[in-house]
Amino acid sequence: MRDLIAYLCLILFGISIVVEYLAIRRRWLRWPTAGAVGFFPGAMLIFLFALLRGTSTLQSILTGLVLGVLFTILTLSVAIFFQVNEQGAAEQRKVLGKGNPDNKQAYGIEPDKTNYRN
């Protein structure tokens, strides 16, 4: 039964990482807030996982802190990277006019130069 609860903690840890990532990408929270809020459940769930697996309390605390910080930093890095690149691509589409389907040059389609009014 302890193993089942331990693996449930690990699944909840994964869900907390995904929620933290979505909070940054969807701009539900600013990244410092999302990192601070996302660190605590992650560290606590890893601590509980390690404790339920039979490690000592001190080792469980250190494991929770180290892995909580590590996964929070990795999640923040990936989410911020994709958010910045997404903003850059949106600005580039705006400058090139790729959001306008009437702008055929932006899509690489040459305008029709044939004069049909002769």
Is there a path from [X] to [Y] through hydrophobic residues (I, L, V, M, F, W, Y) whose side chains come within less than 4.5 Å of each other?
X: F71; Y: I73; result: no
X: L10; Y: L74; result: yes
X: V18; Y: W28; result: yes
X: L48; Y: I11; result: no
X: L8; Y: F47; result: no

Can you measure from [atom1] ([X]) to [atom2] ([Y]) and round to the nearest 0.5 angstrom?
X: F39; Y: L70; atom1: CZ; atom2: CG; answer: 11.0 Å
X: L65; Y: M44; atom1: CG; atom2: CE; answer: 9.5 Å
X: R26; Y: Y21; atom1: CZ; atom2: OH; answer: 9.0 Å
X: I24; Y: T33; atom1: CD1; atom2: OG1; answer: 10.0 Å
X: F81; Y: S77; atom1: CZ; atom2: OG; answer: 10.5 Å
X: I46; Y: T63; atom1: CD1; atom2: OG1; answer: 8.5 Å

Any side-chain heavy atom of [X] within less than 4.5 Å of one from [Y]?
X: L76; Y: E20; result: yes
X: T75; Y: W31; result: no
X: R53; Y: D3; result: yes

Give the C-alpha distance, both sets of side-chain angles, the deciding distance and a yes or no for side-chain contact (heavy atoms from CB on, under 4.5 Å) between T57 and L51.
CA-CA 6 Å; T57 305; L51 196 61; 4.1 Å; yes
Scanning both residues in full, the closest heavy-atom pair of R25 with Q83 reads NH1-N, 3.9 Å
Can you name the closest pair of heavy atoms from V37 and P41 and give their distance?
O-CD, 2.9 Å
Is it the case that the side chain of T55 and the backbone of A50 share a donor-acceptor pair, with hydrogens and angles ignored and the cut-off at 3.5 Å?
yes
In a check of side chain to side chain contact (heavy atoms under 4.5 Å, CB included) between L45 and each of L12, L67, I15, I17, which one passes?
L12
